[in-house]
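Note on naming: letters A, B, ... go to the chains in the order of the sequence lines (proteins, then strands), and numbering restarts at 1 for each one.
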Amino acid sequence: MTKRTWKQTAALLLGGAMLLSACGDGGNSAGNGNSAEPAKSNNGANGANADDKQAEKAKITWLNILHTASPPTDTVLNKIEELTNTDLTFSWVPDASKEERINTSLASDSLADIVTLTILDNSSVRSALKSGMFWDVGPFLDEFENLAQISPDTRTSASIEGKLYGIPFQKAMARNGVVIRKDWLDKLSLPVPKTTDELMNVAKAFTEQDPDGNGQKDTTGFVDRSDLVFGAFKTLGSYFGTPNIWKEENGKAIAEFETESYVNTMNYMKQLYDNGYINQDFAVTAKTDQQQKFAQGKAGIYVGALFDSKNLLNMAKGVQDNMELVMVNDMTAQGQQRAIWSGNNGIGGLLSFPRSEVKDEAELKRVLQFVNDLMSEEAYALMTYGIEGTHYTKDAEQAVTISNTDLWQQEVQPFAASRPKEVGYKIHDADPLKKEADKLIADNANYAVLNPFYSLEAPTWSSQGSELQKIITDATYKYILGKATLDDFKAAIESWKKAGGASVVSEYEAAYAKVQG
Amino acid sequence: MQETVAPQVSLSPARIRKKRAAIPWKEIRRNKLLYLMILPGFLFFIAFKYLPMGGLVIAFQDYQPFLGIKDSPWVGFKHFERLFTEPTFWMLLRNTLVLFFMNIVFFFPLPIILALMLNEVRHRFFKGAVQTIIYIPHFLSWVIIVSICYVFLTVDGGVVNELLAAMGFAKINFLTSAEWLRTMYIGQIIWKELGWSTIIFISAITVVDPQLYEAAEMDGAGRLRKMWHVTLPAIRPVIITLLILKIGSTLDLGFEHMYLLLNSLNREVAEIFDTYIYTAGLKNGQLSYSTTVGLFKGLVGLILVILANKLAKKMGEDGVY
């Protein structure tokens with residue numbers, strides 16, 4: 001008896017193992033397919049094309065970050081290739097998995113001519129840059145018309161130990177603000193709030209006074225997501241005067257969460273949570289759910305990137321047709337100056353060129369020429385709005401109206417995050433809400449709070465940063481949700497210091513003193 | 001296998017010794033088809049399980065990808081020291097072990113019970129239908145299962161909380177409280193894997209000799225008695241083997257599953273070795289350190305398997321080796 005069952009089990013296990021090995025193979029090739037296979041087939045197709053027409057087209061591969069659900073089709077890509085006289089091959093890395101993918105690419109040296117690096121404070125990215133794996137492009141910039149325009153400030157901010165290991169992405173300095181349902185404000189005869197106290201009152205009224213008039217108490221003031229940085233928390237923090245990650249005072253480094261302003265912000269969020277003025281599960285809500293809730297009329301206050309207002313309005317079409325939005329970028333707390341945090345000091349990352357792929361200076365100059373060309377007005381228009389007549393129409397004032405939103409989303413939007421420069425072009429959006437958002441974001445730059453240590457180096461932070469940040473993030477959430485007291489929070493700061501925070505502070509202070517000379 | 005082969009080759013002791021040392025080509029040639037069938041699995045284990053083990057040496061290095069294993073500096077037990085002095089270490093070990101034991105205690109017996117129950121169902125069509133239905137959740141990915149639970153359990157309009165509120169109870173923060181994490185975790189595993197895990201037990205039950213049942217019936221045994229005295233003892237070796245195999249694999253608590261459940265408010269019970277390796281190793285790029293953590297986890301798993309195997313042998317079973 002025993003023997004028979006044994007044999008059966010053995011057979012089953014063997015079968016299982018074989019099945020597994022088959023699965024393993026399948027998974028493997030599928031995984032590779034993401035990066036290698038399309039690249040190959042693209043290469044083949046484009047190569048054939050190029051041979052037919054122009055042989056002198058430069059072949060450039062680009063390991064790039066994808067912020068949309070699927071990669072773009074070839075329509076716009078062909079135009080970009082035409083414009084820059086290149087033959088482009090993209091390897092797309094989804095934004096959500098960029099850390100692991102970029103890290104493994106660096107570790108296995110499977111890179112491309114251009115590598116988009118957006119996580120510059122990551123330890124392996126940093127040590128890769130410092131190890132000399134990529135070209136120092138500093139000396140070459142002034143040879144190219146558009147690259148020469150990159151301001152000295154930006155170059156310094158994007159440098160590591162005085163060397164510029166790639167072309168910095170130039171983004172808007174500070175893009176966050178508050179988006180509020182204007183029609184709800186009008187219905188409850190409330191003015192547009194300009195202070196955090198007024199905002200609290202609006203949140204209260206939106207929660208308790210039935211702004212959608214359906215006779216049910218089914219709305220909240222705020223709708224937020226599980227993100228202390230790009231969600232409401234950090235922007236509200238700026239209004240309360242919280243520094244941007246670090247504050248420098250007489251050569252001393254002070255972490256943002258050691259300031260009173262940070263505690264005030266937590267208290268504000270706690271008040272919102274305790275009174276039910278915010279969605280109660282905000283600590284586990286994803287961005288898409290947050291935006292859906294807003295679009296469905298479940299909440300009236302959204303704190304995030306100002307240009308999200310246009311998306312919110314689009315999503316609300318057919319669901320909340322009477323939605324009107326107002327954007328506020330000049331909110332302050334009592335006794336505070338106007339301020340808004342800057343994401344990475346306006347630098348969205350680097351376009352870097354690995355020495356293993358770009359072999360000599362001649363090749364480097366060709367690739368730099370390509371990046372330079374991407375910064376032209378035509379390339380910007382292509383990557384932002386698409387092809388005139390197909391994706392958009394344009395009036396005499398260079399104001400653009402997207403004519404086919406679905407097509408634009410498929411074919412153009414994926415390129416938007418690859419633009420080396422996003423500010424300072426003539427062509428602009430004709431949509432009033434988008435135009436207003438652009439204006440407010442530009443206005444934000446005058447009040448931007450920078451991270452004074454952005455370009456400095458703290459080895460402990462590079463290697464243990466995300467673990468250290470976890471301690472503070474967890475403690476902040478626990479405090480807001482009433483699962484920890486202020487003393488618990490202070491204890492968390494102490495354990496942060498012990499776990500490595502103290503060395504981060506002294507490393508930054510030393511690095512700062514060195515730069516100041 | 002040994003029993004069947006041994007009587008055929010009757011050799012002098014000296015020749016046996018010689019035979020053992022050399023590869024038995026003759027026998028392989030005779031059964032070449034059988035060996036050919038093993039080959040894919042054999043190659044799989046070599047390529048994906050044994051060769052990568054060499055990479056474990058980076059746990060004793062400050063590994064830097066551009067230097068490679070050859071040129072990265074050796075640092076001895078530095079990373080182990082860091083792991084054992086890290087304040088999170090005990091939390092990780094505790095969470096991993098607690099979830100592991102919960103998995104064994106609450107999950108493991110269920111498929112056996114379900115298989116026994118299904119065995120008692122005499123209506124073939126009904127039995128087949130039930131089996132098919134309970135297999136389905138196995139084919140859903142964790143993302144889907146966790147998302148479904150999220151939709152059901154959220155306090156912002158989730159069905160379960162709305163129901164609680166309608167019945168006059170207070171809403172429960174299932175998703176953001178440490179107390180519910182383990183229940184949710186085990187519950188989801190049961191829901192997803194219960195049906196699928198019955199397969200081997202059901203097939204083991206079907207080969208139980210019907211004569212034994214007839215004999216038991218003659219002795220006046222009822223359904224429960226037959227289950228207890230015939231079916232269970234008959235599938236006991238399978239149960240023990242699967243238990244040991246499960247102990248070996250359960251320490252891999254499922255990175256994907258836990259990563260999806262993990263948030264700032266339940267981290268104290270939800271952070272396990274796998275999620276920690278992911279944040280420290282892949283996100284932060286500390287390849288050597290996370291290899292150390294993984295190696296340690298592997299050691300814990302090995303100890304558990306050895307203990308379980310010893311225990312099985314003590315209880316008079318064969319064990320897996």
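Looking at S177(B), both its backbone and its side chain come within 4.5 Å of chain A, counting heavy atoms on both sides. Heavy atoms closer than 4.5 Å to chain B are found in the side chain of D289(A), but not in its backbone. At a 4.5 Å heavy-atom cutoff, the contact between K483(A) and chain B is made by side-chain atoms alone. When heavy atoms are compared at a cutoff of 4.5 Å, K293(A) approaches chain B solely by way of its side chain, counted from C-beta outward. Interface remark: T473(A) contributes backbone and side-chain atoms alike to the contact with chain B (heavy atom separation under 4.5 Å). Residue I102(A) does not touch chain B at all, counting heavy-atom pairs closer than 4.5 Å. For N103(A), the part lying near chain B is the side chain, with the backbone staying farther off; criterion is any non-hydrogen pair under 4.5 Å.
Judged by distance alone, the side chains of Y262(A) and T476(A) do bring a donor and an acceptor atom under 3.5 Å apart. With no hydrogens or angles considered, a side-chain donor-acceptor pair links D281(A) and T154(B) at under 3.5 Å.
Remark: side-chain polar atoms of D488(A) are paired, donor with acceptor, to backbone N or O of T485(A) under 3.5 angstrom.
D136(A) has no carboxylate O lying under 4.0 Å from a charged side-chain N of K163(A), or vice versa, which leaves the two without a salt bridge. Under the 4.0 Å criterion applied to side-chain N and carboxylate O atoms, K470(A) and D474(A) are not assigned as salt-bridge partners.
Ranked by heavy-atom pairs under 4.5 Å with chain B, the first of S97(A), S356(A), A128(A) is A128(A).
The aromatic rings of F139(B) and W196(B) sit perpendicular to each other, their planes meeting at more than 60°, with 30° as the lower class boundary.
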